[in-house]
Structures are given as structure tokens and as C-alpha cells.
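Comments concern the structure below.
Labels below follow one simple rule: chain letters A, B, ... track the order of the sequence lines, proteins then strands, and each chain is numbered from 1.
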Amino acid sequence: MTLALDIDKLTCVRAHRVLFEALSLVLTAGAFVSLQGPNGAGKTSLLRIIAGFLTPAAGIVRIRTETGAILTDGEDRARAVGWLGHQDAVKLQLTVGEQLSFWSKLYGDGAAALAPFGLAPLAEVPGQFLSAGQKRRLALARLTLTKRKLWLLDEPLAALDAAGKVLVAQSVRAHCAAGGIAIAATHEPLGVDGLTLHLGGP
Amino acid sequence: MTLALDIDKLTCVRAHRVLFEALSLVLTAGAFVSLQGPNGAGKTSLLRIIAGFLTPAAGIVRIRTETGAILTDGEDRARAVGWLGHQDAVKLQLTVGEQLSFWSKLYGDGAAALAPFGLAPLAEVPGQFLSAGQKRRLALARLTLTKRKLWLLDEPLAALDAAGKVLVAQSVRAHCAAGGIAIAATHEPLGVDGLTLHLGGP
Amino acid sequence: MFSLANPKRFMDASGKVLPWLAVATAVLLTVGLTLALSVPPDYQQGDAVRIMFVHVPAAWVAMMAYGLMALAAAVGLIWRAPLADVAMKTAAPLGAVFTALGLVTGSLWGRPMWGAFWVWDGRLTSFLLLLFLYLGIMALGNAIEDETRAVRASGILAIVGAVNLPIIHFSVRWWTTLHQGESLLRKGGPSIAPVFLWPLAVMALAYTLLFFSLWIVRMRTTILERKAAVLRITGRA
Amino acid sequence: MNALRSLIARDLVLALRAGGGAALALAFFAAVATLVPLGIGPDLKLLARIAAGVLWVAAVLAALLSLDRLFQADFEDGSLDLMALSPLSLEAVALAKIAAHWLSTGLPLTLIAAVLAVAYGLPANGTGALVASLLIGTPAVSAIGGIGAALTLSIRRGGLILPFIVLPLIAPVVIFGSGAVLAVLDGLASGAFLFLAAFSLLAVVLSPFAAAAGVRLNLGS
Amino acid sequence: MNALRSLIARDLVLALRAGGGAALALAFFAAVATLVPLGIGPDLKLLARIAAGVLWVAAVLAALLSLDRLFQADFEDGSLDLMALSPLSLEAVALAKIAAHWLSTGLPLTLIAAVLAVAYGLPANGTGALVASLLIGTPAVSAIGGIGAALTLSIRRGGLILPFIVLPLIAPVVIFGSGAVLAVLDGLASGAFLFLAAFSLLAVVLSPFAAAAGVRLNLGS
Ligand code: HEM
Ligand SMILES: Nc1ncnc2c1ncn2[C@@H]1O[C@H](COP(=O)(O)OP(=O)(O)OP(=O)(O)O)[C@@H](O)[C@H]1O
Ligand SMILES: Nc1ncnc2c1ncn2[C@@H]1O[C@H](COP(=O)(O)OP(=O)(O)OP(=O)(O)O)[C@@H](O)[C@H]1O
Ligand SMILES: [Mg+2]
Ligand SMILES: [Mg+2]
């Protein structure tokens with residue numbers, strides 16, 4: 001029920017600029033990493049490389065699953081990743097309920113959990129009418145229903161109120177306690193114990 | 001060179017729900033207000049009412065200019081407002097330089113200030129390649145070049161790194177010191193002295 | 001808080017007029033239809049000519065309704081008069097019905113006259129577009145949740161769309177066409193045999209009154225519904 | 001004036017550079033013109049007969065293609081808010097956007113149509129009439145489309161409503177436009193050009209007001 | 001299967017509900033069909049002669065209209081990232097999106113075409129052939145358009161490239177499709193239907209792979 005992440009000598013080049021070089025990191029079940037660094041340091045780029053979207057200029061990312069399999073191919077790795085991007089992927093035309101039920105069907109049988117994120121009264125509201133924080137809460141609810149072991153979070157606290165931030169911290173803590181791994185790019189402390197990785201910056 | 005804002009018994013109704021009722025507030029030159037409240041409380045809605053986009057269900061917003069004129073009409077008021085919305089209004093196809101020079105021409109003769117926001121090396125980079133924080137910095141640079149007296153800021157700190165947050169605080173402080181007014185909806189203290197207005201809440 | 005300027009005067013006045021209007025409509029319709037069925041068959045068209053008495057007035061009223069709706073929209077936009085908003089909103093579906101009636105009766109008439117239910121000529125097409133306009137206005141109004149915004153948006157469209165009216169009317173002159181030219185509303189007086197003229201005039205008046213009766217009824221119900229809605233919200237608050 | 005000009009310039013750049021409508025519209029127009037002979041068969045007499053009608057319809061549709069996003073993109077990313085707060089009135093903003101749309105589609109379409117008309121075997125006087133009618137008529141298309149785009153801005157079912165709004169208003173342009181060409185071809189005198197010019201003028205003068213009213217309504221949503 | 005079905009269902013809902021392409025495509029198709037007689041003049045014989053060609057071209061263009069945004073919307077708001085991470089392969093995602101596009105445009109277009117064919121005075125056997133050819137040919141249009149949409153996803157000049165990629169591939173569909181109708185009208189035997197079916201099958205089978213490859217490239221940008 002656990003996995004391990006092995007980042008080996010990654011180098012990322014974007015628009016002819018080296019963002020980071022020979023970055024290595026080994027994470028085992030339960031690890032939490034707070035990814036920090038100034039704007040443009042390459043936090044989002046690193047998360048996209050781990051998720052398998054972006055090919056690094058050099059280096060490799062490996063995931064070891066509980067069965068002992070080692071996933072290096074981007075597409076195999078993808079199946080382990082729970083993604084909370086900077087964008088909320090909220091459709092303006094669909095109601096909150098419709099969106100969550102779609103994603104839960106796409107990802108398998110996880111039931112949509114509206115209540116913990118304060119979305120229950122909004123089930124019938126279309127995405128167009130949501131406030132910024134309500135959209136973010138929808139994205140968080142979707143993340144938890146995917147039941148993935150490796151969480152990649154890009155600014156998870158954005159637009160959330162105090163209660164929402166506590167919720168994120170609780171979710172991440174529970175996730176790690178259950179043997180998951182979480183990496184969060186953030187400019188604000190999440191309030192979860194773990195490593196801190198600094199990118200870029202003098 | 002100064003103005004005053006007079007919010008008189010505002011009531012905001014959205015989707016048949018009363019968000020706030022009979023809200024009154026008088027602000028004079030140099031005032032800073034931090035607007036707080038849980039997600040969905042109506043912070044963005046209040047800012048949009050002040051800017052003249054949204055018509056309140058009841059109440060009125062007045063701006064008194066230095067010439068003694070009282071602007072109640074939404075369209076007259078609009079000419080005093082500097083707006084930093086939740087969205088960055090960054091075009092993916094235009095370079096940073098192109099965007100700033102367009103907005104500076106649209107708003108008058110304010111020259112585009114790239115340097116203070118760390119945008120100088122990005123002048124030739126198209127919006128598509130900007131990181132989240134770089135987009136936000138672009139929006140901030142645009143705000144300052146509009147030279148408006150009443151700043152309405154919706155989550156100004158979103159996506160910014162530590163240096164960026166300091167920059168926002170400095171800009172706001174300088175703006176207020178020069179006789180401007182600023183209202184910022186935020187979930188994180190801005191580090192600027194002033195009033196705090198709580199919306200919603202249990 | 002929900003400042004609906006109270007169109008009380010309208011409710012009072014319309015309440016008094018409505019019964020008379022309804023009676024007059026019924027009488028005129030009966031007389032008109034009797035006359036229409038008793039005129040001699042046309043020497044060219046035979047009995048098919050009787051469709052004229054239902055077709056022509058329907059087309060006229062459809063256009064008149066549009067004109068009135070656009071007028072109401074303009075008044076609503078300029079003077080922010082709630083009553084004009086109600087008038088504009090309620091006229092659209094009625095006008096659409098009369099337009100549909102004109103299309104159906106016209107195409108039923110077209111089959112014996114032209115050998116086809118439908119031809120793509122200027123008058124027919126522009127009249128079909130009138131139906132589209134009505135539908136567009138209604139759809140736009142329904143698509144916006146906020147009541148005032150809905151009326152304003154569809155009102156703008158109604159005003160803009162009024163250009164179609166002269167096009168429908170003059171289409172027969174601007175294009176070579178199968179459709180009957182202007183035979184009544186034209187310079188030099190009507191060119192229709194008097195036997196047909198009188199029943200047509202009666203039917204035209206009957207349709208007009210029918211439209212006004214239905215319009216007033218719908219306006220009254222809309223106003224009452226809004227009052228109820230306001231009571232519901234304020235009562236609960 | 002400076003602000004207006006810079007807004008037009010920006011919209012032109014966006015239209016030309018991006019997945020922005022202009023190129024798409026022109027390619028679309030060329031596509032219709034290429035595909036129709038394929039679909040109908042290479043009967044040159046028939047082609048010349050329908051050339052005016054087909055090219056006019058294709059031009060109008062190509063211009064309408066990108067119109068539904070005339071305000072949409074700026075509305076969605078917050079730019080329209082900033083424009084509404086700028087010293088330019090929303091009427092001027094609407095006018096600038098309509099002008100940019102015409103410059104980036106209507107005008108080049110007219111030029112391409114001249115070439116295509118020859119390929120369709122339209123005689124010289126017919127080609128001249130086609131170009132003239134397009135030059136006069138396409139501004140009306142941009143203007144009317146602008147109204148529709150503004151009114152349907154924040155509507156979740158916008159796609160369905162837009163054609164209903166625009167089609168009835170556009171039809172006269174097509175009728176007068178192709179009618180003018182047909183009249184010239186048949187050597188008839190016709191008032192079609194006059195009507196077209198009058199209609200176009202009316203549309204261009206009124207549309208900024210209607211469009212601005214539509215935008216204003218939707219910013220409050 | 002369940003995931004695939006729910007993706008198709010969601011795309012259908014979006015297409016039907018939103019400013020989503022489907023309604024726009026259908027309205028566009030109806031608009032072309034309404035405008036062409038206005039542009040050409042009400043000559044029923046002429047109309048019947050060009051009906052097959054005009055309706056085929058109009059149908060293809062209407063279907064292509066919304067195709068450029070087939071992946072775009074989900075790409076821009078981050079949904080495509082999440083789909084790429086889902087248990088469904090990107091090939092399956094592409095197939096589902098193409099299928100949803102066909103169901104929401106190709107299929108209804110075919111039905112509307114049947115009505116319009118009658119209004120254009122096409123005889124019964126011609127109408128039958130038109131409907132059959134559209135039914136067979138429109139899946140190829142969705143499939144080929146899907147490839148183009150995927151390839152041009154993050155290209156800032158996508159608008160220009162799309163028609164150049166898609167048109168050459170689509171032209172055979174139009175030629176065989178309207179050719180099949182004309183052959184039936186003229187009472188000729190023709191292999192057009194067979195070619196159309198073969199081409200369509202090929203396009204539908206290969207397109208998910210090509211489209212998925214295109215999407216994968218663009219997610220890394
Ligand atoms: C679907 C088919 C038809 C449609 C949509 C249609 C539409 C209209 C419209 C809109 C008008 C009012 C024009 C105006 O006053 O400006 C009208 C009037 C009239 N129609 Fe039709 N019509 C159709 C078929 C026919 C047929 C088949 C006939 C008879 C052969 C006919 C005879 C007339 C006559 C005599 C008038 C009054 C003309 C005048 O005084 O202007 N219509 N029709
Ligand atoms: N266009 C709209 N139509 C109807 N209701 C809306 C609309 N926009 C927002 N709302 C509702 O109004 C309420 C307040 O929204 P608003 O965006 O003002 O909240 P906020 O205080 O800015 O929240 P956040 O901290 O999440 O940004 C929310 O419950 C939202 O669902
Ligand atoms: N698609 C792209 N093509 C080329 N360069 C890019 C692209 N996306 C981002 N970049 C560049 O790569 C650098 C890192 O971007 P990234 O989004 O990873 O930063 P980040 O650390 O997430 O910053 P932020 O805190 O602002 O979100 C930036 O300088 C950016 O300009
Ligand atoms: Mg980032
Ligand atoms: Mg907000």
C-alpha cells in the first residue's frame with residue numbers, strides 16, 4: 001500500500017535557461033516536501049516533470065510501487081499521481097455535483113466528498129457562479145477522490161480562507177499518515193511537518 | 001490630489017442570497033482597508049460594486065474628488081479606480097513588454113515600470129511562458145502604471161514569492177502615503193497598517 | 001429593497017378595459033369569420049382565397065406586435081420604466097405565435113397557389129427571420145437569470161432587430177417574388193375587390209384586439225407574479 | 001484617439017498572431033471556395049451563375065466564425081474589466097474591437113474574394129461588383145456580429161442563441177450584397193448598392209452603442 | 001468502459017449546454033442553408049442541382065467549426081492534465097472526444113440535412129443518398145479534425161495551421177460524399193460509397209493514435 005519516489009540528477013531547461021541542475025531526492029512512504037523558491041524558480045516545472053508531462057533535459061524519475069515494480073516511463077508513473085494544478089480545471093457550465101461525479105467516474109469508484117470541503121450547499125451551483133475559493137475547494141475535493149498515492153500540489157493554499165488552509169493541512173497530514181507522499185509548491189507555510197526543498201534563488 | 005470614498009448602506013444579493021446588508025464605510029485619503037472573510041463571503045462582489053461593475057440591491061457608493069465633484073454614477077466612478085482582479089488579464093500571445101505598453105497607452109501616458117517588479121529580463125517573453133507569479137507581477141506593474149487614486153485589490157498576494165509580497169506591501173504603503181486609498185480582499189495579512197473589515201462569518 | 005415601481009394605475013385601468021376588449025374581440029371574430037365563409041369563391045383561386053382572411057391579419061399583427069415590443073423596449077431602456085419592461089417581455093411570445101400562424105397559413109395557401117409549401121423568396125424568408133428574431137429575444141431573456149439584466153439584454157436586441165420590419169414590408173418590391181405584392185397598404189389605395197376588402201378589414205381589427213387582450217392578460221399575470229415573488233423574499237427575510 | 005488606435009492595433013496583433021480568428025477565417029473562406037466546386041462538379045457555367053451567392057455567403061460566415069469570441073476572450077481573462085475602467089468609454093472599446101475585426105477579416109476576405117471570383121469564372125464587371133459590395137457590406141457583418149457577441153457574453157447557452165440573434169440581422173446584407181452583383185451581371189439597374197450602403201452605415205453607427213450596452217450588462221454578472 | 005462512457009457523456013453535455021460548439025454548428029449549418037438561396041436567388045431547379053454539394057460543404061464546415069476547440073478548452077483550464085493522469089489512456093480520451101463530437105454535431109447535422117434537402121427540392125432518392133453519405137462520411141470529419149486540433153494545441157499560430165492540415169485530408173470526403181449523391185441522382189453506378197466508407201473507417205481507426213500523440217507533445221509545453 002506504499003510507494004517510493006526516486007528523483008535522480010534531474011536537470012530542467014526552459015527557454016534556453018537552466019532552472020535547476022542535477023537535482024536528486026529520494027522520498028519514501030509518508031514523506032512531505034514543501035517546495036519553495038522565488039517566482040520563476042522552476043517549482044511548477046519540477047512538478048510537471050515528476051508527473052511525467054515534461055521531459056527533463058537530463059536525469060530520471062522513478063516510482064517504486066508496493067509490488068516492487070519500478071515505473072520510469074512517464075505514462076506508467078502518471079497512474080500514481082494525484083494532481084492539484086495551479087489552474088482549478090473547473091468547468092463554468094457544469095454544476096459542482098456534475099463535475100465531481102464526472103471525475104470520480106473517470107478515476108474509478110471514489111465517491112465524491114462534498115461535505116468536508118464545504119461544498120455540500122453548492123452541489124447544484126454551476127462553476128460560473130463560484131467564488132475563487134469555492135473553485136479551489138472543488139479542485140481539492142477532486143484531488144482526494146482520486147485516491148492516488150503521490151500528491152503533487154501547486155500552490156494548494158491559493159484563494160483559500162483560514163478554514164480552507166487548515167483543511168488542506170489536515171488532508172495532507174492524513175494522506176501522508178496513510179503512507180502517501182506529498183510535494184507542495186507553495187509560497188506560504190502549509191503547517192505540515194516535513195522536508196523543505198529550495199529551488200533557485202541566490 | 002486626494003479623494004474620499006463613501007459607501008452608504010450597501011446590500012448585495014447574489015443568486016437570491018443576501019451576502020451583506022446595509023454596509024456603510026467612509027474612507028478618506030490615505031486609508032487602507034483589509035477586506036476579510038471566508039470563501040464566498042462576498043469580498044469580490046463588494047469590490048465589483050465599488051468599481052461600478054455590479055449594481056447593489058440597495059445603497060450607494062460615492063466618490064468625492066479633489067475638485068469637490070461627487071461621483072455616484074458607476075461610469076464616472078470607474079475613472080478613479082485602479083483594479084487588480086483575481087484574474088491576471090495576461091494575454092498568452094503577447095510579450096510582457098507589448099502588454100505593458102498597450103495598457104499604458106490605453107490608460108494615458110504612464111510609462112511601464114518593468115524593473116521594480118523583476119520583469120525587466122522578461123520583457124521579450126510571451127505571456128504563455130510566464131510562471132504563475134510572473135503573471136501576477138505583470139498585473140501589479142499594470143496597476144501601478146494606471147496612476148489611479150482608488151486601488152481595489154482582489155487577493156493581491158496570490159502566487160507571489162516572499163519578495164513579491166514585500167513589493168505589494170511597499171506599493172500599497174507608497175500609494176496610501178501619496179494620498180491614495182486602497183482596499184484589498186485577502187486571506188493573508190498584507191503587512192500594511194489600516195482598517196480591517198470582516199464580511200460574512202458565522 | 002426590491003424597488004418595483006408599482007404599476008398600480010395600469011392594473012386598475014386594464015382591469016376595467018379588459019372585459020370590454022374581450023367581448024369586442026369575440027364579436028368581431030365571429031362576424032369576421034362568418035363574412036369570410038360567406039364571400040363568393042374567387043374566380044382564380046376558388047375557395048382557397050378564404051385562407052387570406054386568416055393569413056393576412058396574422059402577418060400584420062405579427063409585425064405590429066414587433067413594433068410595439070421594440071417601442072416598449074426603448075421606453076424601458078431610456079426611462080427605466082418597469083411597466084415597459086413587463087410589456088416588452090410579454091409581447092415576445094405573443095408575437096412569435098402570430099408569426100408562426102402567418103407562416104403556417106401562408107404555406108398552406110402556397111401549396112394550392114404556387115405548388116409548393118415553401119419557396120425561398122424575400123418576403124417568406126424575411127418573415128421566417130422575424131420568427132427567429134422573436135425566438136432569439138425570448139431565448140436571450142430566458143438565458144439570463146437576473147430579471148433586469150434579462151429584460152435589458154433582450155430589449156437591446158428587440159430594438160436592433162426592428163430593421164427587419166421595413167425589409168419584410170418592402171421585400172415584395174425589392175425582389176422579384178412569387179408573393180402577392182402590396183395590395184392594401186400602398187400608394188394609390190387598395191387593389192382588392194371590395195367583396196374581399198370588408199371581411200378582411202373586420203378580421204384585421206379582430207386579430208388586433210385579440211392581440212391586445214392577450215397582451216394585457218399576460219402583463220397583468222406577470223405583474224401579479226412579481227408582487228408575489230417580492231412578498232415571498234421580503235416575507236422570509 | 002491614441003488609446004483607441006492602440007486598442008485596435010492590439011486586437012489586430014492578437015487576431016493575426018494567435019490561434020486568433022483572422023487566419024482561421026481566411027483559410028475557412030478559401031476552403032469553402034475550394035470545396036464547393038468539388039461538391040458541385042466542375043460545370044463552369046453553373047459555377048459562374050452561383051459565384052456571387054456562394055462567395056457572399058462564405059464571406060459572411062467566415063467573418064462570423066471568430067465573432068463569437070470578439071469580447072469573450074477579454075471577458076474571461078479579466079481584460080474587459082480593465083478596459084471598462086480605462087479612460088475610453090465602452091462604446092469606443094466596442095467600436096475599436098469591431099474595427100479591428102473588420103480590418104483583420106472583412107478587408108482581407110474582400111481581397112481574396114476578388115481572386116476567387118476570377119477562378120469561378122465571374123466576368124470582370126461581376127467581379128468588380130462583388131468586390132465593391134463586399135467592401136461596403138462586410139463592415140455591417142462585423143458590427144452586427146459585435147452586438148450579438150456582446151449580448152451573449154456571460155450566457156451559458158450562448159452558442160445556441162448567437163446565430164438566432166445574428167442571422168436575421170445579417171440576412172439583409174447577404175440579400176442586398178449578392179443582389180447587387182446579380183443585377184450588374186444581368187445589366188439591370190437596382191437600388192441594391194444604395195440599400196447595402198445605407199444598411200451598413202446604420203449598422204456601423206449604431207452597433208457600438210448596442211454592443212457597449214450589452215457588455216455593460218454582462219460585466220455585472 | 002465506464003470511464004470512457006462518462007467522458008463521452010460529459011463532453012456531450014458541455015457541447016450541448018455551453019457556448020459549446022454543437023448548437024453553434026447546427027445553427028451555422030441551418031444558416032448556410034438559409035442564406036444560400038438568398039444569395040443565389042429562388043430558382044428551385046438550380047437549387048436542386050447544387051443541393052448535394054452545398055449541403056455537404058456546409059456540413060463539413062459546420063463540423064469543423066467547433067473542432068479547433070476540441071482539446072483547447074480542457075487544455076487551457078487544466079482539465080487535460082487531469083485526464084492524462086487518469087486511468088484512461090490518452091488514446092481513449094481522444095477517441096471519446098471524437099465520438100462525442102460526432103454525436104453532438106455529425107449525427108444531428110445529418111438529420112437536419114434530410115429536412116433541408118427537401119426544402120432545396122432534392123428528389124427522394126437524392127435525399128436518401130445524401131443522408132447515407134453524411135452518415136458514413138461525417139465520422140471521418142470528426143476524426144481528421146481531432147488530429148488537427150491535437151497537433152495545434154499549444155501552437156500560438158494554431159489558427160493558421162489547422163486548416164492547412166485538415167483541408168487536404170477532408171477534401172476526399174467531400175468529393176466522394178457529394179459524388180455519391182450526384183451518381184445516384186444521375187442513375188449512375190459509382191464506387192463513391194465504397195471509397196467513402198473505406199476512408200472513413202481508416203480515419204476513425206487511426207485518428208485516436210495520432211491525436212493522442214499530439215496531445216502528449218503539447219502537455220510538455
Ligand atoms: C409561408 C408563406 C407566406 C408567408 C410567410 C407570408 C407572409 C406575409 C406577410 C409577412 C405579409 C404582410 C406584409 C406587409 O403587410 O408588409 C403578407 C401579406 C399578404 N400575403 Fe402572404 N405570406 C405567405 C404566403 C402567401 C400566399 C400563398 C399568398 C397568396 C397567394 C399570400 C398573399 C398575401 C396577401 C394578399 C397579403 C397582403 C398584401 C399587402 O397588402 O401587403 N401570402 N404575407
Ligand atoms: N455571477 C454570479 N452569480 C450568482 N452568484 C454568484 C456569482 N458570483 C459569485 N456568486 C456567489 O456569491 C457569493 C460571493 O462570491 P464572491 O466571489 O464575492 O466571494 P468572495 O468573498 O470573493 O470569496 P473568495 O474568498 O472565495 O474569493 C458566492 O457564494 C458565490 O457563489
Ligand atoms: N512553456 C514554457 N516555455 C518556456 N519557458 C517556460 C514555460 N513555462 C515556464 N517557463 C519559464 O520557466 C521558468 C520557471 O517557470 P515555473 O512555472 O516552473 O516557475 P515557478 O517556480 O512555478 O514560479 P511561480 O512561483 O511564479 O509559480 C520561468 O522563468 C518561466 O518563464
Ligand atoms: Mg508555479
Ligand atoms: Mg473572491
Side-chain angles (χ1 to χ4, degrees), chain B residues 12 14-15 44-45 47-57 73-95 98-110 126-128 135-136 138-139 142-143 145-152 154, chain D residues 1-24 66 69-97 100 104 153-154 156 209 212-221:
Chain B
C12 175
R14 301 215 82 168
T44 302
S45 302
L47 292 180
R48 291 189 77 81
I49 290 176
I50 298 176
F53 294 139
L54 210 63
T55 319
D73 190 66
E75 277 171 71
D76 298 333
R77 256 189 287 140
R79 305 289 172 261
V81 170
W83 180 257
L84 181 81
H86 181 69
Q87 287 152 310
D88 294 321
V90 168
K91 288 287 164 200
L92 302 186
Q93 305 92 345
L94 301 180
T95 67
E98 282 172 337
Q99 315 212 26
L100 279 180
S101 99
F102 161 66
W103 288 109
S104 76
K105 277 187 210 133
L106 192 66
Y107 270 83
D109 46 8
Q128 195 183 14
K135 282 187 190 148
R136 199 66 181 158
L138 178 50
R142 181 180 49 217
L143 169 71
L145 69 78
T146 62
K147 307 253 191 288
R148 294 295 176 82
K149 282 286 161 196
L150 172 58
W151 280 8
L152 302 177
D154 203 352
Chain D
M1 275 326 281
N2 191 11
L4 198 73
R5 218 172 31 233
S6 70
L7 181 51
I8 295 178
R10 167 207 185 246
D11 267 32
L12 274 178
V13 170
L14 281 176
L16 297 174
R17 187 179 296 177
L24 193 64
S66 47
R69 296 192 61 77
L70 187 65
F71 297 100
Q72 193 75 40
D74 284 332
F75 178 67
E76 284 174 359
D77 73 6
S79 299
L80 207 53
D81 287 345
L82 286 159
M83 290 177 192
L85 296 171
S86 80
L88 276 189
S89 69
L90 268 181
E91 282 77 12
V93 170
L95 181 65
K97 286 188 151 287
S104 63
L153 211 47
S154 73
R156 283 182 291 138
F209 298 95
V215 170
R216 205 166 281 127
L217 274 176
N218 283 307
L219 283 183
S221 76

| field | Stepwise salt bridge (Lys or Arg N to Asp or Glu O under 4.0 Å) check, B/Glu98 with D/Arg10 | value | CA-CA 9 Å; B/Glu98 282 172 337; D/Arg10 167 207 185 246; over 6 Å; no
| request: Check step by step if side-chain contact (heavy atoms from CB on, under 4.5 Å) holds for D/Val13 and B/Leu94. | output: CA-CA 8 Å; D/Val13 170; B/Leu94 301 180; 3.7 Å; yes
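Between chain B and the residues D/Pro87, D/Ala84, D/Gly78, the largest count of heavy-atom pairs under 4.5 Å involves D/Pro87. Looking only at heavy-atom pairs under 4.5 Å with chain D, the residue among B/Gly85, B/Gly74, B/Ala78 that has the most is B/Ala78. Ranked by heavy-atom pairs under 4.5 Å with chain D, the list B/Arg142, B/Arg77, B/Arg48, B/His86 is led by B/Arg48. Per-residue counts of heavy-atom pairs under 4.5 Å with chain B were compared for D/Leu90, D/Leu7, D/Leu80, D/Val93; the largest is that of D/Leu7. Per-residue heavy-atom pair counts under 4.5 Å with chain B were compared for D/Ser79, D/Ser89, D/Ala9, and the maximum is reached by D/Ser79.
The CG atom of D/Asp81 sits 11.5 Å away from atom CG of B/Leu84, with the distance rounded to the nearest 0.5 Å. Annotation: the span from B/Lys91 atom NZ to D/Asp74 atom CG amounts to 4.0 Å, rounded to 0.5 Å. To the nearest 0.5 Å, atoms CD (B/Gln93) and CG (D/Leu16) are separated by 11.5 Å.
In this structure, chain D has no heavy atom under 4.5 Å from any part of B/Gln99. At a 4.5 Å heavy-atom cutoff, the contact between D/Ala73 and chain B is made by backbone and side-chain atoms alike.
In terms of modelled atom types and a separation under 3.5 Å, the side chain of B/Arg79 and the main chain of D/Ser86 share a donor-acceptor contact. A distance-only check finds a donor-acceptor pair linking the side chain of B/Tyr107 to the backbone of D/Leu82 [under 3.5 Å]. Judged by distance alone, with hydrogens and angles left aside, the side-chain atoms of D/Arg216 form no donor-acceptor pair with the main-chain N or O of B/Phe53 at under 3.5 Å.
When all heavy atoms are compared, the tightest approach of D/Asp77 to B/Val90 is OD2-O, 3.9 Å.
For the pair D/Leu88 and B/Leu106, the minimum side-chain heavy-atom distance is below 4.5 Å.
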